[in-house]
Amino acid sequence: MGDLVLEALTKRYGGTVAVEDVDLEVRQGEMVALLGPSGCGKTTTLRMVAGFITPSAGHVRIAGQDVTRRPPYARDTGMVFQSYALFPHMSVAQNVAFGLEMRRVGRTERETRVMEALRLVRLDHLADRLPGQLSGGQQQRVALARALVVNPAVFLLDEPLSNLDAKLRGEVRMEIRSLQQRLGLTTLIVTHDQEEALTMADRLVVMERGRVRQVGTAEELYESPRDPFVAGFVGRCNLIEGQPEGTAGFRARGGALLPCTTAAAPVGTGGVLALRPERIALAAAAPGEGAARLEAVTYLGAQTEYVVDYAGTSLVVIRATPPEGDPLRRLAPGDAVALTWDPAAARLLPAQ
Amino acid sequence: MAALILPAGLLVVLLMVAPMLLLARISLNQFSPTEMMVEAMSPENYIRAVQDPYYRSVLLTTMVVALGCTLLCLALGFPTAYWLARMQSRWKSIATILILFPLLVGNVVRSAGWIALLGNEGAINAALRGLHLIEAPLPLLYNAFAVVVGIVAVVLPYMILTLSAVIEGIPRQTEEAAANLGARPLTAFRRVVLPLAIPGVAAGSVLVFILCMNAYATPVLLGGPQFKMMAPAVYDQFVRGNNWPFGAALAFILLFATMVLTLVGSALIGRRYRR
Ligand SMILES: Nc1ncnc2c1ncn2[C@@H]1O[C@H](COP(=O)(O)OP(=O)(O)OP(=O)(O)O)[C@@H](O)[C@H]1O
Ligand SMILES: [Mg+2]
């Protein structure tokens, strides 16, 4: 048990930078998700924590100790690999017992702890099977039990759910989260699925091209993204390039003037206005009245998505699907609409 | 498909089984100094071969050398095969070609090279004497040592390539998982890599062992007149002694010994690691 601290962690491969200057603290018992597009350095970061990759610069501290130069077997991390990496020649119980054997835990204690761990992941009835005789989800849970049974100081997961189907993914996600909370494990999880990150982690780290863009809770990242990349990556967002025009609002490149509270921002500097699609209200308007025209309507069940041309700027609007009989239900592409939003909901962000 | 398989199958049978059957038949005939061979149905050639202490010792030598070479190949080949299997792609093909390179040179030419290296006037002895480290030349050639060195050099590539093909199939992540769970490199090797590589160890050992049991050119050229293995002994009977029946019996004894040892060895390896 302990906390995990990364200090200016960097990995370069020749000229290319895989991870650059990553600072991060994962507190005791906390679950932090590394989130970002493919190739942004999530796996590299995780593998530096486990010790499989030697950093080019920076430090990894586990429970206060600098482990940057320690080999993987002396680090006390428990890792769940994307491919599970079970030992195919050992039974489920032998797989789970491996880490305890390495720690020279006596036979009787080992057996109780293995069964306990297998019960935790509800696989005690399959203890004698070989990994090849299990389904993907069961293998996944063996991998979890194998990493958990040794009580690692840091629990590491690299896209643990990517090989599971959608339904199982939801279940295992909850299972991992509740185990992690029950055992108070300091956890770093890698994912490129934002829903996964939002539902599982206490805090999220959004990475892009090797760098940390923002660290925060799901709410912080969603409500107050620091830059357009984070705004666009966490949830959907209209990102409109242009310039603030004092109290008047924000002048989009396409010419539209969008209401927002940007009085503080200096006139003339470029910026990006971030406006969440569900913060925009939509109403039918008489033809010729108002500046907005509906371009597309997509029915998504509970919600309906509208694409609106707002005086030359294309905006996505998401609303709860109106009930049968509501005039909004009959809107079709080409119709005139009126858009309104709380100016405070539109956030001005620095240009990329 | 069957139309293609049938003629091919018949050809294989003809090429592989027919000579064996012929040889088996000959081994039961009798030798006659005047007529070469007399038709018979007797096991006397086998009985003679088994009872003759000379041929018993030749068979024993053959088995010991073959076993020794196989173990040596395993010890030398495993690390190399592992290194090759885990190599990054660009250098891998080059390394593979380098490992195969010795096979481009025939056994006889290669043995000539060993003679030039190991002989009394060879490079090693000349160098040692030049440095005044030794007075008389070391006996490096025309003995078991030279034969083992020569055979290992021939068969090692087979062992390495067989092993590395199997090791490549072991995901690196299983090794990482072992390390992550606290296994030091040697423990990870013993508990994870080796058991998963056992099919390769078995296949490579069987292949190399059979090649060693049947080695001909290397024992003849590097072993000298005193050192005898089975394949040259068979040849001697056929060509020098003109005693085909006895030669054929020796050949079958060699075949039988090879088969028995191979089966016993595979069974031992299998039992040790099947859990
Ligand atoms: N051995 C290597 N040599 C050179 N470049 C590498 C190496 N390993 C990774 N990289 C580069 O480092 C960057 C980060 O890779 P990493 O595997 O950490 O990405 P990731 O965030 O895990 O992506 P994904 O979501 O696709 O798994 C990538 O651009 C990758 O091409
Ligand atoms: Mg990855």
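Every chain is numbered from 1, with letters handed out A, B, ... down the list of sequences. All heavy atoms count here, side chains included; hydrogens, waters and symmetry mates do not.
- Comment: B:Glu176 does not engage B:Arg172 in a salt bridge, judged by the lack of any side-chain N to carboxylate O separation of less than 4.0 angstrom.
- Of the atoms belonging to B:Thr187, it is side-chain heavy atoms, and not backbone ones, that fall under 4.5 Å from chain A.
- Annotation: maximal heavy-atom pairing with chain B below 4.5 Å, among A:Pro88, A:Ala143, A:Ala147, occurs at A:Pro88.
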Determine all donor-acceptor pairs shorter than 3.5 Å in which one atom belongs to a side chain in residues 90-100 of chain B; sequence neighbours excluded.
residue	atom	partner	partner atom	Å
B:Lys92	NZ	B:Ala85	O	3.1
B:Thr96	OG1	B:Lys92	O	2.7

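- Residues that satisfy the ring-ring contact (aromatic ring centres under 6.0 Å, His included) test with B:Tyr216, not counting sequence neighbours, are B:Tyr235.
- Screening A:Glu196, A:Lys42, A:Glu159, A:Arg173 for a side chain to side chain donor-acceptor pair (under 3.5 Å) with A:Thr191, the sole residue that qualifies is A:Glu196.
- With a threshold of 4.5 angstrom between heavy atoms, B:Ala178 approaches chain A through its backbone and through its side chain.
- Within residues 66-75 of chain A, the residues that have a heavy atom under 4.5 Å from a heavy atom of chain B are A:Pro72, A:Tyr73, listed by number.
- Inspection of non-hydrogen atoms places A:Arg47, A:Ala50, A:Phe52 of residues 43-53 of chain A under 4.5 Å from chain B.
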Chi angles and distances behind the side chain to side chain contact (heavy atoms under 4.5 Å, CB included) call for B:Asn214, B:Thr62: CA-CA 9 Å; B:Asn214 295 292; B:Thr62 307; over 6 Å; no
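- The part of A:Leu86 that comes within reach of chain B is its backbone (N, CA, C, O), which places non-hydrogen atoms under 4.5 angstrom from that chain.
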From CA spacing to verdict: side-chain hydrogen bond (donor to acceptor under 3.5 Å, both in side chains), A:Gln138, A:Arg141: CA-CA 5 Å; A:Gln138 290 167 337; A:Arg141 274 151 44 204; over 6 Å; no
